[in-house]
Amino acid sequence: MAVTLSSYDVSDLTLGKPSLKSLPITSTVSDAVSSLKRHADTSIAVLSLSDLIVAKVCMVDVLCFLLRDDINLSDPLSALHSPLSALLSKPSGDLVRHIDRHASLLEALDLILEEGAQDLVVPIRQSQSNRKKKNNNHHHHHCWLTQEDVTRFLLNSIGSFSPLPALSVSSLGLVDPAVLTVGYHDPSLAVSALLPLSLANQTAIAVVTSDRKLIGEISPSTLANLRDPSVAAAIATLSAGELMAYIDCGGPPDDIVRAVKNRLSERGLNGLLDLLEESMSATTSSSSCSSGSSSSSDDDGEGGRRGGRRTLRRRRSSGSYSARMARGSEAIVCHPWSSLVAVMMQALAHRVGYVWVVEDDFSLAGIVTFRDILRVFMEHLE
């Protein structure tokens, strides 16, 4: 089996992947925001002065930057004109590594597991005509290779690992109890303190009741899909439960928007209020989804659970949203006795890098991540 897998190289995992979008490090945060809004990608690569890809940034990096201190909160428009390098002070777990397209799958796994790489940068073969074109748009002829890509590849070869796929995630030691949590009524600024960690870990923040029942989640991937820096206004003023309603379906209920504006005015955060007004004005024509989103929050904030269901909170469907965006604050869950292959299929189907683990009463037991899943496969090979 190891011989079979070692016969695959990285290029087998990147067939058909598009070139990544990039910006030079001399750009501004505002340039990054414009690029993220303009392109389908939820992240962009950052090029060093020597034209080397050194980092990957998304809208959550912008949100964390705006929420980092009172100066940025009071004058976010000026903060957005800061150099792009201001977004790069991330936790050490956030690493980008380069790998040759002919490197083996096992080498890629080693970079992810031993060096802690979140994303691998892989060169894409160029046609002769493309080599002659100048790179005026800063689009590198590279693509990202993610933990999701590797996990999907392994799932396609899952039969080679029997009986591993049928074993439960608890028996494999995959349930990590060390999760990031906030209470439903906790202020969202508690969320902002955990956002950089959840982004670095490629997980999310669980929203729980006082007795640790899982209600939903606040996910960096969902926030990134909103592509809106004015979400910082909601994070700065709302409770965790209110923020869940704000991000559901990509359009906040009118009463929550009014609450955000009132609280910004009370705190004298006029710059953040201007940023929110500007964003709301620009998206008025595409906010039809907002009318139904107010029903996502129960009166007591701790309802909506269904025994035996593998998802929490009501699903919303919209053809214009990705799998991550359609989920909003809904949490994807499994049980300690769920099989490895079932959990892999859940995570890949919902385009997330983790699945929450709950008991029968929806008490939060832990989390299973792609990184830990990949480690089990690597250990199995060894």
Side-chain angles (χ1 to χ4, degrees), residues 1-20 22 41-43 45 52-56 92-127 140-169 171-174 176 200-203 221 323 339-355 367-382:
M1 177 169 43
V3 173
T4 302
L5 283 179
S6 63
S7 67
Y8 290 101
D9 59 36
V10 167
S11 63
D12 293 315
L13 281 69
T14 57
L15 289 173
K17 296 203 75 174
S19 298
L20 53 78
S22 59
D41 296 354
T42 57
S43 61
L52 180 71
I53 297 171
V54 294
K56 180 180 183 180
S92 58
D94 179 24
L95 297 172
V96 168
R97 290 285 183 264
H98 290 249
I99 189 170
D100 187 85
R101 61 190 302 272
H102 297 300
S104 70
L105 171 60
L106 298 180
E107 289 178 85
L109 281 171
D110 190 63
L111 283 175
I112 292 171
L113 298 175
E114 301 306 322
E115 296 196 24
Q118 270 196 359
D119 301 280
L120 303 179
V121 179
V122 184
I124 299 176
R125 183 185 304 219
Q126 304 174 44
S127 66
H140 257 46
H141 297 290
H142 293 78
C143 69
W144 298 115
L145 179 65
T146 66
Q147 294 177 29
E148 178 183 343
D149 296 325
V150 180
T151 304
R152 190 179 301 278
F153 181 83
L154 292 173
L155 180 63
N156 291 335
S157 307
I158 200 69
S160 302
F161 293 92
S162 182
L164 182 69
L167 299 179
S168 70
V169 289
S171 68
L172 291 169
L174 285 172
D176 185 357
N201 296 337
Q202 296 185 318
T203 57
S221 60
S339 68
L340 172 60
V341 66
V343 172
M344 291 173 67
M345 292 174 68
Q346 273 186 281
L348 291 169
H350 292 281
R351 302 294 310 280
V352 293
Y354 56 90
V355 175
I367 192 170
V368 176
T369 65
F370 276 162
R371 185 181 295 277
D372 289 335
I373 288 174
L374 294 178
R375 192 176 300 281
V376 165
F377 278 99
M378 191 70 163
E379 290 172 355
H380 189 75
L381 291 173
E382 292 173 346

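All values below were derived from every heavy atom in this structure, side-chain atoms included, with hydrogens, water molecules and symmetry-related copies excluded. In this text the structure is predicted, and so the values were computed from the model without any measurement.
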### Summary
Given the options N201, V352, T203, T369 meets side chain to side chain contact (heavy atoms under 4.5 Å, CB included) only with T203
#### Entry: Where Q202 and Y354 come nearest, the two heavy atoms and their spacing
O-CD2, 3.5 Å
#### Entry: For the student: nearest non-hydrogen atoms of M378 and D110, plus distance
CE-N, 4.4 Å
### Task
Would you please test E379 and R375 for salt bridge (Lys or Arg N to Asp or Glu O under 4.0 Å) and show each step?
CA-CA 6 Å; E379 290 172 355; R375 192 176 300 281; 5.4 Å; no
### Task
Output yes when a side-chain donor or acceptor of Q118 lies under 3.5 Å from a complementary backbone atom of A200, and no otherwise.
yes
## Note on the structure
Heavy atoms of T146 and K56 approach each other most closely as CG2-NZ, 4.5 Å
### Message
Less than 4.5 Å apart, side chain to side chain, heavy atoms only: is that true for L348 and E148?
### Response
yes
### Message
If you define the side chain from C-beta out and look only at heavy atoms, does anything of L155 sit under 4.5 Å from V341?
### Response
yes
### Message
Could you tell me if the side chain of L340 sits less than 4.5 Å from the side chain of V368, heavy atoms only?
### Response
no
### Query
Is there side-chain contact between D100 and V10, with heavy atoms separated by less than 4.5 Å?
no
### Message
Classify the ring geometry of H380 against F161: parallel below 30°, tilted from 30° to 60°, perpendicular beyond 60°.
### Response
tilted
### Message
Looking at every non-hydrogen atom in both residues, tell me the closest pair between W144 and S43 and how far apart they are.
### Response
NE1-OG, 4.1 Å
### Taking every non-hydrogen atom, the tightest pair across I99 and P123
O-CD, 3.3 Å
### Task
Give a yes or no answer on whether the side chain of T14 reaches the backbone of S11 with a donor-acceptor pair at less than 3.5 Å.
yes
#### Entry: From CZ (R371) to CG (D176), nearest 0.5 Å
12.0 Å
### Message
Minimum heavy-atom separation for I124 and K17, please, with both atom names.
### Response
CD1-O, 3.9 Å
### Message
Less than 4.5 Å apart, side chain to side chain, heavy atoms only: is that true for V150 and F370?
### Response
no
### Message
Using only atom types and a distance under 3.5 Å, with no angle test, would you say the side chain of N156 pairs donor to acceptor with the backbone of F153?
### Response
no
### Query
Taking C-beta and beyond as the side chain, do I53 and L20 meet within less than 4.5 Å on heavy atoms?
yes
